[in-house]
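Working notes for the structure below.
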Amino acid sequence: MTGTGRSATVVGAGIVGVATAIALQRAGFAVTLVDRQAPGQATSFGNAGILSGTTAMPLATPGILAQVPKMLLDPLGPLTIRWSYLPQIAPWLVRFVRNAQPARVEELSKAIVALSRPTVSAWMDLAKHADATDLIERKGWVGVYEGENAAKKAQADIDVRTRRDIKAEMLSAEEVRQLVPGLARTVTHGVFHPDAGHTVSPIQLTERLAAHFQRAGGTFVQATVEDIGFTDGRPSHLVTDKGPQPFETVVIAAGAWSKKLVQRLGHTVPLDTERGYHVMISDPGVDLRLPVSSSEGKFFATPMAGGIRIAGTVELAGLDAAPNWKRADALLEKGKRLLPGMRTDKVEKWMGFRPTLPDSLPVIGGSPKHGNVFFAFGHHHLGLTQSAMTGRLIAQVMTGRKPEIDLTPYRVDRF
């Protein structure tokens, strides 16, 4: 079976949805993309911009249970839970902690690497197709480490990646500063990850791809999807605030807003949201040549077209709670400690919702209940990294080809 002559509707115009729409378009489908906002305006707007083929570990690792009390007591920590949200998030947390068993972490790590390893090649293929290579830089990224256990932490990170045949190089303090001048003197070690890139503007990248999609004949419908309609027991149309939107096949790629639609289609998934924050610093006055990740602060500092973006941390508080802008302020302070010469008089703050499942894997593939329904959601903070590969995999499944990686770990009914 080929896509030629078939049509598909993709729900969600974030980077995963847009990448999937283009992959289906390239496979011969007539594609409609539907979202309540313009492409890239939700979570995809505010990510750290990293395209990393070196990602190897799930969020839950051995010892995470002992850290839960701290998560509840420190509202500005790298990973925190709001007390008011604890009753709702508790079942998710139980699953999360269960996934932190060593054998399970090893299994999940393999699945994360399988999906993330082709990131740069998949992204360069997509960017070239959409005339967007100018928005991607392939300089790698460097993780930096501080404190008396810095060397041990750095070596542990290298060991994890070495087991997965991922390149990672230990750097001395002097070597780190050659790559990143202006780092704080507290940085004693670094790990360089050459098999990675970053975008200089996540929003421009998504918009460029969406524009190419429409120039190539794709249709974008700005509408709020409220429900899935059925005809004779078969999913047949989106119920939107602009009226019914019929479809032949549908891909749910609505990020943190996917859960309701997936439930309507007969699947129960423990989808929740990591609330991520960033600060965008214009005219920072420092020469940040490539992205830097802080092991201690759990954030990325990324050079972008508009300045430097400090992004990261995880807040579990759901979709409805107001932002805690003190978390953004804390990110800014951490960034200033890492780059003490950085000017911070021009700062913009942002908060967004990363769709997260307790095993740190997305849902990718078809519905076992409906032959015309497919899923591409739940990428947590790896949406940009894994989006090009996700789109490619969905296109392979929907055209009857064998996916280039085993999709069993990402199936919707694994929970």
Side-chain angles (χ1 to χ4, degrees), residues 47-57 78 116-117 119-121 123-124 133-202 278-312 331-344 384-385:
N47 61 65
I50 307 301
L51 305 169
S52 179
T54 70
T55 301
M57 292 295 286
S116 299
R117 190 196 301 276
T119 290
V120 174
S121 61
W123 255 107
M124 292 311 297
T133 55
D134 59 304
L135 296 174
I136 294 176
E137 296 189 355
R138 301 175 64 180
K139 298 179 179 179
W141 62 271
V142 61
V144 297
Y145 301 78
E146 306 170 67
E148 59 180 279
N149 294 319
K152 184 177 179 180
K153 291 179 181 178
Q155 189 59 55
D157 283 351
I158 290 175
D159 291 344
V160 166
R161 289 169 172 83
T162 298
R163 291 204 308 272
R164 301 280 177 258
D165 296 322
I166 296 172
K167 295 178 183 177
E169 177 187 350
M170 179 75 83
L171 302 177
S172 66
E174 180 181 351
E175 290 170 327
V176 172
R177 288 184 178 83
Q178 288 176 356
L179 281 176
V180 189
L183 282 174
R185 303 306 299 178
T186 53
V187 173
T188 60
H189 294 78
V191 175
F192 179 57
H193 303 267
D195 294 335
H198 73 280
T199 176
V200 298
S201 176
H278 86 221
V279 289
M280 191 71 195
I281 304 157
S282 302
D283 192 23
V286 295
D287 180 20
L288 188 62
R289 300 173 183 175
L290 76 170
V292 176
S293 170
S294 167
S295 174
E296 281 66 36
K298 309 301 180 187
F299 67 86
F300 263 96
T302 308
M304 292 191 177
I308 292 176
R309 178 170 294 178
I310 311 291
L331 268 177
L332 182 61
E333 289 302 313
K334 290 177 181 180
K336 288 167 64 176
R337 286 197 295 271
L338 185 64
L339 296 164
M342 184 168 59
R343 295 193 298 262
T344 58
L384 179 65
T385 282

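Bear in mind the structure is a predicted one, so any value in this text is a computation, not a measurement.
When every heavy atom of V160 is checked against every heavy atom of A56, the shortest pair comes out as CG1-CB, 3.8 Å. Across all their heavy atoms, Y145 and G190 have their closest contact at CD1-CA, 4.1 Å. In terms of heavy-atom proximity, N47 sits nearest to P202 at OD1-CG, 3.4 Å. Pairing each heavy atom of G140 with each of P291, the nearest pair is O-CD, 3.5 Å.
Annotation: side chain of K167 is not in contact with side chain of H193 (no heavy-atom distance under 4.5 Å). In this structure the side chain of V142 never reaches within 4.5 angstrom of the side chain of V191, judged on heavy atoms. R309 is not listed as a side-chain neighbour of I281, based on a closest heavy-atom distance of 4.5 Å or more. Within the 4.5 Å cutoff, the side chain of H189 has no heavy atoms near those of the L171 side chain. Inter-residue side-chain proximity for V187 and R185 is flagged as unmet; no heavy-atom pair is nearer than 4.5 Å. Two residues are said to be in side-chain contact when any heavy atoms from C-beta on lie closer than 4.5 Å; P284 and R343 fail this criterion. Using a 4.5 Å cut-off on side-chain heavy atoms (C-beta onward), I308 and M304 make no contact. Side-chain atoms of L384 and I50, non-hydrogen and from C-beta on, never get closer than 4.5 Å to each other.
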Note to self: Working note: R117 + D165, criterion side-chain contact (heavy atoms from CB on, under 4.5 Å); need CA distance, chi angles, decisive distance, verdict.
What the structure shows: CA-CA 10 Å; R117 190 196 301 276; D165 296 322; 4.2 Å; yes
Next item on the list: Show your reasoning for whether side-chain contact (heavy atoms from CB on, under 4.5 Å) applies to F192 and L290.
Entry: CA-CA 11 Å; F192 179 57; L290 76 170; 3.8 Å; yes
Next item on the list: Show your working on side-chain contact (heavy atoms from CB on, under 4.5 Å) between E146 and T188 and close with a plain yes or no.
Entry: CA-CA 6 Å; E146 306 170 67; T188 60; 5.6 Å; no
Next item on the list: Could you check T385 against W123 for side-chain contact (heavy atoms from CB on, under 4.5 Å), going step by step and ending with a plain yes or no?
Entry: CA-CA 8 Å; T385 282; W123 255 107; over 6 Å; no
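Ring-centre distance between F300 and W141: below the 6.0 Å cut-off.
Atom CG of L51 is separated from atom OG of S116 by 11.0 Å, given to the nearest 0.5 angstrom. Rounded to the nearest 0.5 Å, atoms OG1 (T119) and CG (D195) are 10.5 Å apart. Note: H198 NE2 to L135 CG = 10.5 Å, rounded to the nearest 0.5 Å. To the nearest 0.5 Å, the span separating NZ on K336 from NZ on K334 amounts to 14.5 Å. Distance CG/D283 to CE/M342: 12.0 Å, rounded to 0.5 Å. Put simply, CD on Q178 and OG on S172 are 7.5 Å apart, with the number rounded to the nearest 0.5 Å.
Salt-bridge annotation for E296 and K153: present, with a side-chain N of the basic residue lying under 4.0 Å from a carboxylate O of the acidic one. Between E174 and R177 there is no salt bridge, since no side-chain N of the basic residue sits under 4.0 Å from a carboxylate O of the acidic one. Of the charged side-chain nitrogens involved, at least one lies within less than 4.0 Å of a carboxylate oxygen, so that R289 and D287 count as a salt-bridged pair.
Looking only at distances, a side-chain donor or acceptor of T302 sits under 3.5 Å from a matching main-chain atom of A48.
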